[in-house]
Amino acid sequence: MINNTLFSYNASNTAIDKELSVKNAGNLGIEELESTLSASPSLPLLISSRQTWLVLAAAVFLVSVPVFIEAPLVRSLPSLSLAMTGFWVWLSFRLMSRPATYLWGDLLLGFSWSWLAGAIYWGWLRWEPAWHLPVEFIGLPFACWCLVRNWCKVGNWFYLGSLFGTVLTDVYFYIVDLMPYWRQIMRVEPDSVSPILQAAVTQVRTPWGQAWAVALALILLTAGILPLRNQQRHWFAFGGAVLSTILVDSLFLLAALIA
């Protein structure tokens, strides 16, 4: 009799505890839920790793966009291209207002500074290569301000990676003396570009041009690969932007060889 009573009492307490656990689970805050998920790390780690590699892929894509999409657009519609900067900034803040899309809004905000620089330079200043780097640095103060406050790290490190690749590419143009060809290409009709490109390729094929191409490519590879060891999204954004510089420069070289 006593054993049956104790058994019934224990069973009822167990049922009450289960019910309270279910109710309390619904009242857990975000931090408690995150700590609960961390107790079973396989799924969160899988999602985090997948997003990290997606950031790398997105960074490569966003570096290619200004080159292959914005440049043709801005030559015919420079004001529209400039106005689109406001759209990218607006969209980035919209995405950052939601936890599920915050990461992509963060990345898009950094991309906005690269787009702004491209719109200004290729729209109105493309005839003078000396203005290229000063215009590309237009977003640097904002990026540094954000990073000092530990805000929007993914997007701003993406911008810094893109800027780093641009600086090295321009340095190569100065060292190998390709800037005169740049000026000529910007001033002639499309039908007359091919001979200028061929002359520029001849300059690149010299021992001096090839040696510096290898040296700067090794710098880009090192700067792009080493950050990936940290397994953090903002470093993947930086590394992706740097590595994509090699891809874009290689495609330009291939186009010049074919011309």
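We use all heavy atoms of the structure for the numbers below, so side chains are in, but hydrogens, waters and symmetry mates are not.
For the pair Tyr181/Val204, no side-chain contact is recorded, criterion being any heavy-atom separation below 4.5 Å from C-beta on. Residues Phe173 and His132 fail the side-chain proximity criterion, which asks for heavy atoms closer than 4.5 Å. Residues Leu82 and Leu116 have side chains in contact (heavy-atom distance under 4.5 Å, counting atoms from C-beta outward). At least one side-chain heavy atom of Leu109 sits less than 4.5 Å from a side-chain heavy atom of Phe93. Side chains of Ile138 and Tyr121 form no contact here, defined as non-hydrogen atoms less than 4.5 Å apart.
Summarising the geometry, atom OH belonging to Tyr174 is positioned 12.5 Å from atom OG1 belonging to Thr169; distances are rounded to the nearest 0.5 Å. Annotation: the span from Trp182 atom CH2 to Glu128 atom CD amounts to 9.5 Å, rounded to 0.5 Å. Annotation: the span from Ile196 atom CD1 to Leu178 atom CG amounts to 12.5 Å, rounded to 0.5 Å. Atoms OG1 and CZ, on Thr245 and Phe164 in that order, are 9.0 Å from each other to the nearest 0.5 Å. Here the CG-CZ distance, from Leu243 to Phe236, works out to 10.5 Å after rounding to the nearest 0.5 Å. Rounding to the nearest 0.5 angstrom, the gap separating the SG atom in Cys152 from the CG atom in Leu107 is 8.5 Å.
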Without placing hydrogens or testing angles, list every side-chain donor-acceptor pair under 3.5 Å for residues 53-81, not counting sequence neighbours.
from	atom 1	to	atom 2	distance (Å)
Ser64	OG	Val60	O	3.1
Glu70	OE2	Ser81	OG	3.4
Glu70	OE2	Ala119	N	3.0
Ser76	OG	Leu73	O	3.2

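Among all heavy-atom pairs drawn from Leu228 and Trp235, the shortest one is CD2-O, 4.2 Å. Looking at every heavy atom in both residues, Lys153 comes nearest to Asp106 through N-OD2, 3.6 Å. Taking each heavy atom of Val176 and Gln203 in turn, the nearest pair found is O-NE2, 3.0 Å. The two atoms that bring Tyr159 and Gly110 nearest to each other are CB-O, 3.8 Å, heavy atoms only. Taking both residues in full, the closest heavy atoms of Asn156 and Cys146 are given as ND2-CB, 3.1 Å, listed atom of the first, atom of the second, then distance. Nearest heavy atoms, Gly105 versus Ser92: O-CB, 3.3 Å.
By the neighbour-count criterion of 12 heavy atoms within 6.0 Å, atom CH2 of Trp131 is sparsely surrounded, having that number or fewer from other residues, nucleotides or ligands. Atom CZ of Arg229 is surrounded by 12 or fewer heavy atoms from other residues, nucleotides or ligands within 6.0 Å.
Side-chain atoms of Trp113 do not come within 3.5 Å of backbone N or O of Leu160 as any donor-acceptor pair. Side-chain N or O atoms of Thr206 include none that pairs as donor or acceptor with a backbone N or O of Thr202 at under 3.5 Å. With hydrogens and angles ignored, the 3.5 Å screen pairs no side-chain donor or acceptor of Ser162 with any backbone N or O of Phe158. In this structure a side-chain-to-backbone donor-acceptor pair under 3.5 Å is missing from Thr101 to Trp104. The closest donor-acceptor contact from the side chain of Tyr172 to the backbone of Leu216 lies at 3.5 Å or more, if one exists at all. Listed for the Arg187 side chain is a donor-acceptor partner under 3.5 Å among the backbone atoms of Trp127.
Taking hydrophobic clusters as Ile, Leu, Val, Met, Phe, Trp and Tyr residues chained together by side-chain heavy-atom distances below 4.5 Å, Leu226 does not share a cluster with Leu247.
Using bins of under 30°, 30° to 60° and over 60° for the plane-to-plane angle, the ring pair Trp157/His234 lands in the tilted bin.
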